[in-house]
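These notes concern the structure reproduced below.
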There are 4 protein chains.
Amino acid sequence: MSTEPSTEDAWLQQLLELGESGKAMTNKQRRIVQAAVEIFAEKGYSAASTSEIAQKAGVAEGTIFRHYKTKKDLLLSIIGPTMAKLVAPFVLRDFTPVLEASYAGYDDFLRALVRNRLEFVRRHLPVIRILLQEIPFQTELREEFKAVLMREVYVRVEKAIHHFQAQGQLIALPAFTVVRLTVSVVVGFLMTRFMLFPELDWNEEEELEICVNFIMNGLSAGPSVPRGEE
Amino acid sequence: MSTEPSTEDAWLQQLLELGESGKAMTNKQRRIVQAAVEIFAEKGYSAASTSEIAQKAGVAEGTIFRHYKTKKDLLLSIIGPTMAKLVAPFVLRDFTPVLEASYAGYDDFLRALVRNRLEFVRRHLPVIRILLQEIPFQTELREEFKAVLMREVYVRVEKAIHHFQAQGQLIALPAFTVVRLTVSVVVGFLMTRFMLFPELDWNEEEELEICVNFIMNGLSAGPSVPRGEE
Amino acid sequence: MSTEPSTEDAWLQQLLELGESGKAMTNKQRRIVQAAVEIFAEKGYSAASTSEIAQKAGVAEGTIFRHYKTKKDLLLSIIGPTMAKLVAPFVLRDFTPVLEASYAGYDDFLRALVRNRLEFVRRHLPVIRILLQEIPFQTELREEFKAVLMREVYVRVEKAIHHFQAQGQLIALPAFTVVRLTVSVVVGFLMTRFMLFPELDWNEEEELEICVNFIMNGLSAGPSVPRGEE
Amino acid sequence: MSTEPSTEDAWLQQLLELGESGKAMTNKQRRIVQAAVEIFAEKGYSAASTSEIAQKAGVAEGTIFRHYKTKKDLLLSIIGPTMAKLVAPFVLRDFTPVLEASYAGYDDFLRALVRNRLEFVRRHLPVIRILLQEIPFQTELREEFKAVLMREVYVRVEKAIHHFQAQGQLIALPAFTVVRLTVSVVVGFLMTRFMLFPELDWNEEEELEICVNFIMNGLSAGPSVPRGEE
DNA sequence: CATGAATGAGACTTCATTCAT
DNA sequence: GATGAATGAAGTCTCATTCAT
């Protein structure tokens with residue numbers, strides 16, 4: 001009955017199926033999702049009421065439940081696909097070879113990655129807000145997300161990092177640490193840009209260079225644990 | 001009636017008064033707060049019910065409302081003091097001189113800071129979880145927090161950064177950018193350590209060194225904005 | 001959503017629109033209003049509980065709040081229309097000319113008036129009870145009621161009284177005083193009849209004549225302030 | 001424990017015992033009663049909370065219940081004595097002879113009565129408000145009040161009226177009717193004066209004369225029941 | 001006597017969900 | 001498919017009353 005899967009682990013399927021989610025969304029259904037995104041983002045899932053969503057969507061209260069069995073179903077139908085798209089760039093069949101072929105260095109890869117995710121976040125900001133808010137409370141979703149990240153994304157990235165380390169571009173830290181440091185900087189930038197100070201007048205290209213340089217400098221130079229006694 | 005202030009902008013007062021607010025907490029009141037922290041952290045403020053809190057605290061539901069006028073009052077009485085303690089190290093009267101006198105370099109300062117905040121987060125993890133969850137929805141609290149961060153914390157840190165830049169330890173980036181990059185790495189570490197992978201067997205001192213080195217390398221070397229015209 | 005207006009000053013509109021407000025009342029809604037009238041009249045607004053009303057109406061408690069946003073809304077939806085009907089006879093477009101044309105004397109007018117209001121009170125006794133109980137506590141309602149009484153009703157009656165005074169039927173007291181005395185007797189009769197001693201076996205036509213004669217005698221004879229020294 | 005009787009039918013005793021009610025009222029007790037009167041009058045018995053009363057009286061919540069077993073007890077301790085004083089002038093041992101000796105006519109009697117009750121209402125307005133509000137809902141109180149009115153007051157007044165009728169001063173209507181008409185006018189005056197338009201600038205002596213004349217004219221002239229067959 | 005923390009029943013209200021139309 | 005009236009469980013909060021101090 002619902003056009004979106006309600007089982008939480010289904011959202012990766014959507015990605016692999018390349019985006020066809022349940023076919024036709026009626027006009028009303030689209031309006032429901034749109035309204036739900038806005039209200040969930042504004043007040044949080046628990047504090048949002050289905051009647052408010054119905055009102056903003058301009059449909060009857062019952063109509064929501066014709067498309068989504070429960071309120072949580074509606075939430076998952078919003079979060080799931082976005083999570084899929086979030087990891088999409090890494091799950092493409094040929095991630096590693098493409099990466100190694102396309103980018104001369106880790107910095108070029110980072111530049112491309114950050115540019116790409118900047119656009120993604122810009123376009124899906126409300127849903128990402130919801131995602132960040134709800135992931136701590138949706139256990140199954142979180143576990144599945146973590147599993148996919150580790151299984152699909154991390155293994156690919158790890159290989160790439162080993163590749164760049166073998167080239168001598170990157171310091172010989174554990175790949176996990178390299179990822180953590182890189183992700184910290186990138187995510188820190190995105191959050192500062194879009195959530196903490198969205199009202200500032202950002203020069204994104206410049207900030208991008210700063211981030212990439214920071215990461216490259218941080219990860220390229222000498223020994224990682226320089227203190228002799230450690 | 002409540003021993004904790006319910007006006008949102010009051011929490012900094014608590015810090016400056018450095019004291020125990022409102023005196024005696026009865027035994028029951030302490031149990032209420034304890035239970036509230038656990039349940040708010042576990043399911044979020046909106047999804048938590050006062051009856052569940054009362055039950056876990058082992059008091060009658062009415063007792064909660066004798067101490068806290070509303071459920072939100074209870075939340076704020078938990079979040080406020082923690083926010084105050086969170087910025088405490090920076091608001092000490094003599095932050096900048098102490099900093100400059102105590103620490104030979106930015107790295108020493110970072111080391112001390114991270115060690116200190118590691119302990120803080122470890123001790124107040126549930127409340128910090130609540131803080132992160134609710135800050136997007138508690139407008140007044142958020143604005144006040146931002147204001148204090150900018151007014152009290154940032155100006156002090158900025159001076160310190162200029163000091164280290166004058167010494168040639170740090171790259172000549174805007175202080176705001178230096179802070180952003182530093183904070184990204186530190187917060188990224190803390191969240192990875194305590195929220196994403198708390199179950200791993202962390203060698204905190206080693207990770208601390210990695211973070212500090214990463215930051216110092218990232219912020220010390222060559223030109224930050226390599227594009228000639230900038 | 002409510003079929004009765006909840007803004008207090010709206011009730012006169014209902015009268016002037018002379019129509020059925022808000023169209024269809026569902027069957028359940030009618031039962032809710034009916035039950036509310038009975039219970040409000042019996043124990044007073046504050047002491048009545050919505051759960052008791054729901055029970056007597058045979059609906060779920062939530063159903064009440066689908067039709068009336070608050071308990072007070074329910075009260076006002078009951079009181080408002082009755083207040084409108086209470087002043088209706090005086091607000092008819094052509095009150096004064098009709099009055100002067102139809103009634104040879106003040107006594108005929110009184111006779112018609114009392115007969116008419118007798119029926120009204122008989123039909124709406126419970127609501128009138130509620131009205132009398134709650135008007136002291138519903139400030140806005142009371143002020144609006146007083147304003148309408150003075151603006152719509154009193155000015156018309158005043159003109160009629162001047163007319164009868166010009167004819168020599170009525171003593172030359174201030175119209176306000178004439179109204180006060182007349183109303184005292186009429187209201188005194190209605191309250192004695194319906195609220196103090198409803199169980200007695202009343203001969204209403206006879207009592208009506210007594211009242212009218214009392215008023216006419218009281219208001220027709222000599223000087224109103226006969227004491228020479230006053 | 002309570003210094004005021006809680007059995008509703010006890011209030012007449014107080015009158016006959018000539019006012020000594022339970023001896024000493026502590027200072028706090030007096031403040032409780034004072035606060036209760038104000039709050040009951042302002043928002044009604046049911047809508048008033050004991051905690052609000054305690055606060056206004058400046059005592060602890062528990063203190064109220066040390067003096068009055070229940071909230072209703074507090075109400076009755078306020079209403080009872082006032083009801084007693086309300087009928088006091090009529091219950092004096094020698095009402096009828098005094099009346100007949102003291103007053104040349106019904107008008108003199110009325111004049112004295114109204115003057116006396118004016119002062120009484122002026123002094124006890126808040127309690128009288130409470131009395132009027134609560135009498136419909138306090139069944140026992142109401143029945144007792146009615147019984148006393150009929151047994152103690154009415155029989156005395158009836159005798160006086162027969163006396164004045166025998167003198168030819170008053171029309172030969174049933175005493176009950178004479179009382180009803182008289183009371184209507186007097187009560188109508190008092191309510192207009194103190195409750196409906198207390199803000200007007202009243203010339204009480206003049207209004208008193210108007211009322212008395214109105215009553216005397218209404219009750220003295222021609223046939224009260226003009227219909228021949230009655 | 002007085003206090004005020006504690007209680008628990010019950011108040012009003014919201015809400016996700018169902019179902020007859 | 002769409003509606004929206006109806007539901008009843010559950011939510012937040014109030015309140016009269018008790019009792020240990």
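Residue numbers start from 1 in every chain, and the chains themselves are labelled A, B, ... in the order their sequence lines are given, proteins ahead of strands. Since the model is a prediction, treat every value here as computed from it, not as a measurement.
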- Looking at residues at least two apart in the chain, or sitting in another chain, which of them share a side chain to side chain donor-acceptor pair (under 3.5 Å) with E52(A)? K43(A)
- Query: In whole angstroms, how far is the P atom of dA6(F) from the CZ atom of R31(C)?
  - Reply: 9 Å
- Taking only residues two or more places apart in sequence, or in another chain, which ones meet T50(C) in a side chain to side chain donor-acceptor pair (under 3.5 Å)? E61(C)
- Query: What residues form a side chain to side chain donor-acceptor pair (under 3.5 Å) with S51(D), not counting sequence neighbours?
  - Reply: S49(D)
- For K43(A) and dC15(E), give me the distance from atom NZ to atom C1', rounded to whole Å. 13 Å
- Message: What is the distance, to the nearest angstrom, from the NZ atom on K28(C) to the C1' atom on dA20(E)?
- Response: 12 Å
- Message: Stem finding on DNA chain F, please: runs of three or more consecutive Watson-Crick or G-U wobble pairs, both distances under 3.5 Å, sorted by first number.
- Response: E:2-21 with F:2-21
- Item | Between dT13(E) (C1') and I32(C) (CD1): distance, integer Å | 14 Å
- Distance, rounded to the nearest Å, where R30(B) contributes CZ and dA5(E) contributes P: 15 Å
Can you give each donor-acceptor pair under 3.5 Å made by side-chain atoms of residues 32-40 of chain B, sequence neighbours left out, with the distance rounded to 0.1 Å?
from: Q34(B); atom 1: NE2; to: E38(B); atom 2: OE2; distance (Å): 2.6
from: E38(B); atom 1: OE1; to: K56(B); atom 2: NZ; distance (Å): 3.2

- Does a nitrogen or oxygen in the side chain of H67(D) sit under 4.0 Å from OP1 or OP2 of dC1(E)? no
- Message: At under 4.0 Å between heavy atoms, how does the protein contact nucleotides 9-16 of chain F? Give one character per nucleotide, 5' to 3', with B, S or -.
- Response: --SBBBSB
- Spacing of L75(D) atom CG and I78(D) atom CD1 [to the nearest 0.5 Å]: 6.5 Å
- Task: Count the heavy atoms belonging to other residues, nucleotides or ligands that lie under 6.0 Å from CD of Q55(C), then report whether that count exceeds 12.
- Result: no
- Could you state the CD-C1' distance from Q29(B) to dG4(E), rounded to the nearest angstrom? 13 Å
- Note on the structure: T26(C) has its side chain closest, among dA5(F), dA6(E), dT7(F), to dA5(F)
- Item | Over all atoms of both residues, closest heavy-atom pair of K71(A) and Y45(A) | NZ-O, 3.0 Å
Under 3.5 Å donor-acceptor pairs involving side-chain atoms of residues 128-135 of chain C, not counting sequence neighbours:
from: E134(C); atom 1: OE1; to: Q138(C); atom 2: NE2; distance (Å): 3.2

- I64(A) CD1 - dA5(F) C1' separation (whole Å): 16 Å
- Query: Whole Å only: how far is the CD1 atom of I39(C) from the C1' atom of dA11(E)?
  - Reply: 14 Å
- I53(C) and L74(C): CA distance, side-chain angles, deciding distance, side chain to side chain contact (heavy atoms under 4.5 Å, CB included) verdict: CA-CA 11 Å; I53(C) 293 171; L74(C) 175 56; 4.2 Å; yes
